[in-house]
Amino acid sequence: MKSYDPGKIDNKWQKEWKKKRIHEALDSATTLKKTKPNFYMLVEFPYPSGDLHVGHWYAFAVPDIFVRMKRMQGYNLLFPIGFDSFGLPAENAAIQNKVDPSKWTWKNIERMRKQLCSMGATFDWSREVVTCDPEYYRWTQWLFLEFYKRGLAYRGNALVNWDPIDKTVLANEQVLPDGTAERSGARVEKKELEQWFVKITDYADRLSFDLESLDWPHSIKEAQKNWIGKSDGAEISFQVSSVSLQKEIKSKNLKLKAESRQLTSVKVFTTRPDTIFGATYLVISPEHKLLENNELGITNYEEVKGYIQKAKLKTEIERTSEGKEKTGVFLKGVSATNPATGNKIPVWVADYVLPLYGTGAIMAVPADDKRDEEFAKKYKLPVIKNYKSAGFTDFGKKTTTYKLRDWLISRQRYWGVPIPIVYDPDGKPHPIPPKHLPWILPTDVDFNPTGVAPLAKSKELLKRTEKIFGKGWKPEIDTMDTFVDSSWYFLRYLDSKNKKEFSSIKKQKLWMPVDRYSGGSEHTNMHLLYSRFFYKALYDLGLVTEKEPYRVRLNRGIILAEDGRKMSKRWKNVVNPDEQVKKVGTDAVRTYLAFIGPYNEVGSYPWSTNGLIGVRRFLERVWKLQEKISENANETKKEIEYLIHKTTKKVTDDVESMKFNTAVSALMILTNELTKEVSVSKENYEILLKLLTPFAPHISEEIWHTLGNKNFITMEKWPEYDKEKTKSENTTFVVQINGKTRATFAAQTSIEEKVALELAKELEEIKKWLAGKKVKKTIFVSGRLINIISD
RNA sequence: GGGACAGUGGCGGAACUGGUAUACGCGCACGACUUAAAAUCGUGUCUCGAAAGAGAUGAGGGUUCGAUUCCCUCUUGUCCCACCA
C-alpha cells in the first residue's frame, strides 16, 4: 500500500473535478430525468486583499462541507463566488505604491482565485461576480437610478461623519463607539455637507417587523431590532410663550386664543404620555428651530447662544460620552404650559436631548425618568412625586419613531461606483439615462486625498459629460459606498451574464430566497441590514419575487492565533494556510477547521498546531484501514452495523445544522472502532469514505478510486440510514437508588419495567444497598434507566 | 445604563425531549517496538480517599425520583447598542 501523500493527490483531484465541471449549478431544475430540488448556499464574498488567510478558509472551506453533503444528497446546488472589489485598500495601495487601483485589484483577484481553488471548495466559478467590473456596476448604477426615480435616493444636507485621514464621509455604522473611524482609526469630525442618501428609514417598520418571520438566530434578530430602534409613543404639543406677553395678555384681560399667533408650540416625543401630569419642565436640543432667532423674547439669549455654540463644537461622540454629568441653560423670560395641568413650566436647552431623535424636544418627568431626575436635581427643578396617570392619547397623537437614520452613500473617494448623476448649469441634479450606462470610472485622476473627490480632477469625465449633456454640465464626483455594491450581488449570481436585466425574474424564481447565508457577525447591522432594505425596495419596484432575501442566516466565529490573541502581523502570530497545507494537506486543514468548534455559533477558537496534527493522524488511520478490507468480512457484526447507521445519522444531522465538530467526532469514533476489527467489509469502508468526503474530499476520492471505482465519490449518493438500526439492540441500563447511580447492567433495549427491576435486584451492589429496606416505588425510563426509591 | 449570548478537566470542546457529566481531539504519564530518537500502537488521565465511598458543570437557593439542561437571586466574561426620551 502506498503511503498517504496529500501533496500528490490534492492537486490531482482538484484538476479532475474542474475538468468535469461538477460544481456548476444547473438553471434547469430538472436533470438526469429526475427533478432535483434547488438549493442556494451563499457565503459573503471576499474583498480581494491579496493573500488568503485562515479566516478565509474558515469562511469558505467549512461551508463547502455542507455544500458537498447537500450535493451528494441530490440537490441542484448553487454555491457561487465573487469579489467585493471596490473599496479603500486598493486606493491606499495606489497612493502608497503608485499603482493603478484597477491593476492592483485585478492582480489580487487573479491570485485569490487560485488560492480559493486550493481549498478544494466546490464554487461555481461560471457565475463569478466582480463588483468593480463595469458589467457589474452598470447594474449598481441602474438600480440607483430606479431608486432615484421613486424618490428612494435623494440629495440632502446633512451633518455628517467626516474622516480626516481617509478624507471622506462615513455612514453611522462605520463609526465606532469611541468616535473613531472603523477603517482608518481617525477621530471622526462633524461636517455639514450635501450628500446622497438612500431612504432606508421608509422601510424601518418593515425591516423590524419582518424579522419575526425569519429563521435566524435570536441574537442577530435582536441586534437588528435594537439598531432599528422602534419605539411607540406620542407627540404632545406644549404652548410656549414669553412671560411678559402672558402678563400683558392677563393685564389686558385678553383671551389667549386671540393672541395665539404670538404663541408658539413645541412638540415633544414621549413613550410615556401617561406620565404627563408629572411633567414639570421642558427640554429642547441646542439645534432646535425655536432657538434659531429670538422671536420668543428669551431674555438671556446671549447666554443661550453661547451654550449652543459650545454644543456645536463638540462631536456627537463627545456630547454623548461625557459621562453622566448633564449640562443645560434655562431659557429666561419664557415658559410653557403643561396641557394636562395647565401649569406654567420652565423651558431649558440641554445637549443631552438629541436633535435627530423624536422631535428634538422632551417633556421631563423627573419622578419617573432617571435622566430627568438627575437634571432636575442638579438645577433644582420641581418634582411632582404622586401624579395622576393620563390615558395614552389624552393629550397627544400616537406616533412611532426609530433610531435608524437614512443611509448616507456618498464617498469622496475614487475606487467605487460613480454615482450616475449630472448637474445642469444651474446645479440641479439629473439622472444619467440608462443608455449611457455603465457610466465608466475615469482613469485620469490624482489619488491623493485632498478633501475634494478625485473624480473632480478628471478631464475625461468632464468632457464626456459636456459632450452628452451640453456645455456647462458637470458630473457628480462622489462614488458610492461599497455596501451598495454588496447589497444585491446575490441576485447577480443567478444571472451573471445577462446583458438586458440586472437579474431576471425567471432565474430568481429558481433560486430565491437564499436558503442559507453564512457570514461574519460584524455585518449584522451593516451589510445584512442594507441588503434586506435593498431587497424590500426592489420588491416594491416589482424587480424581485420575495419579501426577504435570506431564509436562514448563520454568523460564524473567528479563528484566533495559537496564543489566544487575534492574528496580527504585529504579534507575529499569523497562521499561513498555504504553509499548513504543505505540511499536512488540504483535507487535514479543512477537517481541522470543522473540528475546532461549533460552526453555528459565534465563538472564537484558538488555532492549535497539535490539534491539526491530530486530525492528520485521523486521516492516516482512515487511509490505513484499506489494509483491513476483506471479502470475508461480509458477516457483518451487529455492533458494527449499528455503529454504521448511527454514525450516518449523526453526520447527516450535524452537517445539516452545521455542527461540523461533532460530525468529525462521530467519524473518528467509527474509524477507531473499525480499526479495532480484524477485517472490514468494503461496503462499510465505502460508507465511511462517503461520510468523510465533504470534509476530506481528496483523500476520499483517492481511496475510492484505488478501490476500483470509476465515478467521483464526490458525486456519489449520500449514504442513507435505517432509523431502526440506529438504535442498538442491547443497552447498558443504569440502576439508581434514590436518584443516585449505584450500578449498571446490560440487557435488551426493549425490556419492560418489571424485567428491569428483576435484573436490577439480582445485582450484588443493589442487593447490598437494598438490604433491609422497602422499595417504595420505581421510575423506569425505557431503554435507559431504572430508579428505585426506598426509605 | 440597555440588550443578546455564554460560564463544564491543564486546553478546544461533548451531553438526545430533564436520565451514567467530561464523548472526540490535544496535552500529560506509563508501557510496547527501537542501540536510541521520531513515528506508530497500547493503557491511564475531574478532585479527595488505601478502599468503601463522597464531592464536582461560576456562586447560592428552588422545582423534581433525578438538573450542565427548567425557575429565581447574585457573579464573571464576550459581543452589540448606548443620554434613543
Side-chain angles (χ1 to χ4, degrees), chain A residues 177 217-227 229-231 233 268-273 275 283 285 317 319-326 350-354 356-365 368-372 374-375 401-404 521-522 524-525 555 557 560 564 591-592 595-598 601-615 617-618 620-621 624 650 653 659 661-672 675 732-744 765 768 776-790:
Chain A
H218 180 72
S219 58
I220 306 180
K221 289 196 203 178
E222 281 303 311
Q224 278 206 1
K225 229 186 267 176
N226 230 311
W227 182 264
K230 179 180 178 174
S231 17
V268 304
F269 174 76
T270 175
T271 52
R272 296 289 308 278
T275 64
V283 190
S285 70
I317 311 304
R319 224 168 112 168
T320 55
S321 64
E322 228 175 78
K324 297 266 145 45
E325 186 73 7
K326 292 177 177 53
D351 64 7
Y352 81 89
V353 174
L354 304 172
L356 294 172
Y357 183 76
T359 58
I362 61 158
M363 64 176 203
V365 186
D368 223 53
D369 184 286
K370 269 193 181 168
R371 289 155 305 178
D372 296 344
E374 197 189 315
F375 195 75
T401 59
Y402 301 89
K403 290 186 209 172
L404 188 71
S521 56
E522 68 275 19
T524 300
N525 290 332
N555 284 355
L560 301 175
T591 309
Y592 171 63
F595 190 53
I596 202 166
E601 286 173 29
V602 187
S604 47
Y605 310 109
W607 180 268
S608 156
T609 302
N610 281 326
L612 174 67
I613 290 166
V615 170
R617 275 204 279 264
F618 156 63
E620 282 306 335
R621 282 203 297 277
K624 276 198 191 132
K650 178 84 180 148
D653 292 350
K659 290 185 219 158
N661 54 333
T662 45
V664 174
S665 157
L667 289 169
M668 285 172 168
I669 292 168
L670 177 60
T671 304
N672 292 347
T675 302
T732 305
F733 278 82
V734 172
V735 186
Q736 293 184 337
I737 291 175
N738 293 330
K740 292 226 169 201
T741 302
R742 295 300 177 192
T744 60
E765 302 99 307
K768 198 176 75 191
K776 276 188 187 163
K777 68 168 181 177
T778 56
I779 288 148
F780 180 68
V781 182
S782 178
R784 278 193 191 278
L785 68 75
I786 181 154
N787 187 4
I788 302 167
I789 313 300
S790 73

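In the text below, chain A, chain B and the rest are named by the order of the sequence lines, each starting its count at 1. Atoms considered below: every heavy atom in the structure, side chains included; atoms not considered: hydrogens, waters and symmetry mates.
With sequence neighbours excluded, the residues that form a side chain to side chain contact (heavy atoms under 4.5 Å, CB included) with Lys777(A) are Ile779(A), Ile789(A). Partners of Thr741(A) according to the side chain to side chain contact (heavy atoms under 4.5 Å, CB included) rule, which considers only residues two or more places apart in sequence or in another chain, are Val734(A), Gln736(A). Residues forming a side chain to side chain contact (heavy atoms under 4.5 Å, CB included) with Asn661(A) (at least two apart in sequence, or on another chain): Pro598(A), Lys659(A). With sequence neighbours excluded, the residues satisfying salt bridge (Lys or Arg N to Asp or Glu O under 4.0 Å) with Arg272(A) are Asp274(A), Asp368(A).
Note on Arg621(A): a side-chain N or O is less than 4.0 Å away from OP1 or OP2 of G25(B). Of the side-chain N and O atoms in Lys659(A), none sit less than 4.0 angstrom from OP1 or OP2 of C16(B). Residue Asn610(A) places at least one side-chain N or O closer than 4.0 Å to OP1 or OP2 of G27(B). In this structure, Asn661(A) reaches the A14(B) phosphate: one of its side-chain N or O atoms is under 4.0 Å from OP1 or OP2.
Using modelled atom types, one side-chain atom of Tyr592(A) and one backbone atom of Ser608(A) make a donor-acceptor pair closer than 3.5 Å.
Using cut-offs of 30° and 60° on the angle between ring planes, the pair Tyr357(A) and Phe269(A) is perpendicular.
Residue Gly358(A) is classed as having no contact, given no heavy-atom separation below 4.0 Å to the nucleic acid. Contact annotation for Tyr605(A): backbone-only contact, meaning every heavy-atom pair under 4.0 Å involves sugar-phosphate atoms and none involves a base. Residue-level contact check: Pro217(A) touches neither bases nor backbone, having no heavy atom under 4.0 Å from any strand. As judged by a 4.0 angstrom heavy-atom cut-off over every strand, Asn672(A) is placed among residues touching the sugar-phosphate backbone only. Here Ile596(A) lies in heavy-atom contact (under 4.0 Å) with sugar-phosphate atoms only. If you check every strand for non-hydrogen atoms under 4.0 Å, Ser231(A) touches sugar and phosphate atoms only. Residue Lys230(A) is out of contact with every strand shown, counting any heavy-atom pair closer than 4.0 Å.
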### Message
What verdict does the side-chain contact (heavy atoms from CB on, under 4.5 Å) test give for Leu354(A) and Ser285(A), after you've listed the backbone C-alpha separation in whole Å, the side-chain angles of each residue and the deciding distance to 0.1 Å?
### Response
CA-CA 6 Å; Leu354(A) 304 172; Ser285(A) 70; over 6 Å; no
### Stepwise side-chain contact (heavy atoms from CB on, under 4.5 Å) check, Tyr352(A) with Val283(A)
CA-CA 9 Å; Tyr352(A) 81 89; Val283(A) 190; 3.9 Å; yes
List, with names and distances, any nitrogen or oxygen atoms from the protein found under 3.5 Å away from nitrogen or oxygen atoms belonging to nucleotides 62-66 of chain B.
| from | atom 1 | to | atom 2 | distance (Å) |
| --- | --- | --- | --- | --- |
| C65(B) | O2 | Asn787(A) | ND2 | 2.3 |

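The nearest whole Å value for the distance from the CH2 atom in Trp607(A) to the C1' atom in G25(B) is 14 Å. In this entry the distance linking CG of Leu354(A) with P of C83(B) reads 6 Å, nearest Å. If you take CD of Glu601(A) and C1' of U78(B), they are 13 Å apart, rounded to a whole angstrom. Between the P atom of C11(B) and the CG atom of Leu560(A) lies a distance of 16 Å, rounded to the nearest Å.
For C26(B), its base never sits under 3.5 Å from the side chain of Arg617(A) at any donor and acceptor pair.
For Arg784(A), taking side-chain heavy atoms from C-beta onward, the closest of the listed nucleotides C83(B), G3(B), U20(B) is U20(B). Looking at the side chain of Phe269(A), the nearest of the listed nucleotides A85(B), C5(B), G2(B) is A85(B). Checking G19(B), G53(B), C24(B) against every side-chain atom of Arg742(A), the shortest atom distance belongs to G53(B).
For the strand RNA chain B, secondary-structure stems (runs of at least three Watson-Crick or G-U pairs, all distances below 3.5 Å) span B:1-7 with B:75-81, B:10-12 with B:24-26, B:27-32 with B:40-45, B:46-48 with B:53-55, B:58-62 with B:70-74.
Under the 4.0 Å criterion applied to side-chain N and carboxylate O atoms, Arg617(A) and Glu620(A) are not assigned as salt-bridge partners.
Position along RNA chain B of the nearest nucleotide to Ser219(A) versus Pro598(A) favours Ser219(A) as the more 5'-ward residue. Two residues, Phe733(A) and Thr271(A), neighbour RNA chain B, and the one matched to the more 5' nucleotide by heavy-atom proximity is Phe733(A).
For the pair Pro273(A) and Met363(A), the tightest heavy-atom approach, listed with the atom from each and the gap, is CA-CE, 4.4 Å.
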